[in-house]
Amino acid sequence: MAENVERDIEVHWREEDYYEPPESFVKQANLNDPHIYEKMSLDNFPDCFTGYADLLDWFKPWDTVLDTSNPPFWRWFVGGRLNASYNCVDRHLPQHANKVAYYFVAEREEDPIVAVSYQELYARVNEFAALLRDYAGVKKGDRVTIHMPMVVELPVAMLACARLGAIHSVVFGGFSGQACADRIVDSESSVLVTIDGYYRNGKWLNHKEKADIAVKQAESQGQKVNHVLIFQRDPGHYGGSDLVEGRDVLVQELESKYRGARVEPESMPAEDPLFLMYTSGSTGKPKGIQHGTGGYLSYAAATTKYVLDVKPEDVYWCMADIGWITGHSYIVYGPLALGATSVLYEGGPTYPDAGRAWRIAERLNVNIFHTSPTAIRSLRQHGDDVPGRYNYHFKLMATVGEPIEPDVWRWYYNVVGKREAAVVDTWWQTETGGHLCSTVPALKAMKPGSAGPGLPGIHPVILDEEGNEVTPGSGEGGSICIRNPWPGIMQTIWKDPERFVRTYYGKYNKNPQSKDWRDWPYMAGDGAMQSQDGYIRILGRIDDVINVAGHRMGTKELESAVLQVPEVAEAAVVAAHDDIKGSIPEIYVSLHPGVEADDALNQKIVDAIVHDIGPIARPRKVWIVPDLPKTRSGKIMRRILASISDNREIGDVTTLSNPEVVETIHKLVRP
Ligand code: PRX
């Protein structure tokens, strides 16, 4: 088993107490049918998921709930036709045209909050769809890369693509121009949608300059970008880098041409792709996770309704970024499919002070709050008394993205939630489209530090190295897998179906010829433990992926950035413990003979990472060492380096080919 999992198991988390959801919550919950787990048992699979698809409007109903004829390429709601933009916007108009879809809250607190109604969203999505189609030539099936921060124009651009049947690929705004280029190239996008700049932690960030880098780099790799469509953060003012004639255009300048335009939503087969979302894996190359339309949207809508308990009268705020899967499913597609009212906040969680989030919650009467353990830890740092100063009341709070320590969970429940809210710790992934393990908030007690059991219809199992089931309650960890397909499951890796099969199904499928879905458990790549009550505690990744502040990155991606620095001979990235971010990269490098280490070289290495990936991957420390510890077969022992970074017991080093270097590194890091 992977090093980080072993380490976590060693810590032996104490079994925690249960917390019952407040009675007031239970009474009003969207899902309080105690028989739901039986109804969604494997005996009723896959028909049990039709209720999820029934949450949507279909242009044509499906004929087959699940086609498993070509494992593991599962096809949901086959024969059905629908459009995601129609489901998220148009269908709400007859009853709720004037309902707020998004409250946009700018980072600058003095800026007025902008309420965007479903009617206004409809107008904007149509106009931008017309512009994409008629100006940029976007057609059904084309890929459009969108590199934007948290502004309303981001969901507008996504929904405009969906309206045309084009496949969007949103790149997290904080990623660098180079990272954006890699995604443009892989997805073969000839249109890039971006913005001139935005505000973050009080500073104006020129974002358009990343587009210049992205296009140049993409073109050097053979992918021509014909159109760069640039929104403006502040209408009437352009704050980005110079426009390139013939390629760049300000959306605002074309607006008058498309004002009032309407675009028929394309009737899409349920299984046509809706979007790509690139995520990190075990190699240096991010993989384009492909999600379909009908299955994904059904699952996002259902989990928003039943796990996050979003109702028409609620005001829901998910503080994640739309550039990650959490934002796709739980800021855009899930809430909009349900016709919900959400908050879309531009800025950092503690800007300009730790009361900001609670002022927003008070002002807008937010009653469902969704964030990550990193944000909770950083808010906790500012003291227990801050949330109490504000008059807001949450009925439900969600956490996602990383394991939440029981202590942090309790702070969230007691201090942020004022003991009034049900808490859901939702475990899932980019690949899974929506939540997999969590308590159903009205039906299961909460247990700090445990995500909870599989959701209704989701049947997790923990397997050991040989594929044997690890007995729940045994205290043993293993690799968490899901026995059955579900509608939100990814369709494939874009242009790499073999990697898809190998990565998620290769290890535990014993019979590649089998047509029976039971032979194809989905391997998530996380270590986990299950207790007697069926609750699952996620221990962390078992592959070369690290989780920094809830952001997933591949150690190989960071290492290949570092290896571009000519002075560097070898590099190893480890995830070191961090009190706020959960973990943070530290880099160990050895240099080519004759090269001297100095501060400038150190900086060069950091710059290489920020250039290739973005500031989110910035390492806490670069250690320049004489050699890296290796096994006799030449494998770099990252586990030993991680132990040194975290000041833990190093363990046995006698099997290394160069055990003496461990002592040298130890002295350097911990003099
Ligand atoms: O390791 C798990 C961790 O985040 C990984 C997925 O990252 P990503 O695809 O970026 O999606 C993040 C948002 C869903 C998982 O493999 N993870 C996610 N949620 C939790 C978690 N770890 C522990 N507890 C969670 N609730």
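All figures in this text were calculated on a predicted structure; none of them were measured in a lab. In each ligand, atom 1 is the first atom listed, and ligand 1 is the first ligand listed.
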Can you name the residues that form a side chain to side chain donor-acceptor pair (under 3.5 Å) with [X], not counting sequence neighbours?
X	answer
E20	none
K418	none
S643	none

For residues R143 and L276, determine if any side-chain heavy atom of one lies less than 4.5 Å from a side-chain heavy atom of the other.
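Yes, at least one pair of side-chain atoms sits under 4.5 Å.
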
Step by step, work out the side-chain contact (heavy atoms from CB on, under 4.5 Å) result for L192 and H147.
CA-CA 7 Å; L192 172 63; H147 191 200; 4.1 Å; yes

Hey, which residues fall under 4.0 Å of ligand 1 on heavy atoms?
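Residue list for ligand 1: I325, T326, V400, G401, E402, P403, D425, T426, W427, W428, Q429, T430, D526, I538, R541, N547, R552.
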
Among F500, W428, W74, Y504, find the one that has a ring-ring contact (aromatic ring centres under 6.0 Å, His included) with Y522.
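Answer to the ring-ring contact (aromatic ring centres under 6.0 Å, His included) test with Y522 among F500, W428, W74, Y504: Y504.
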
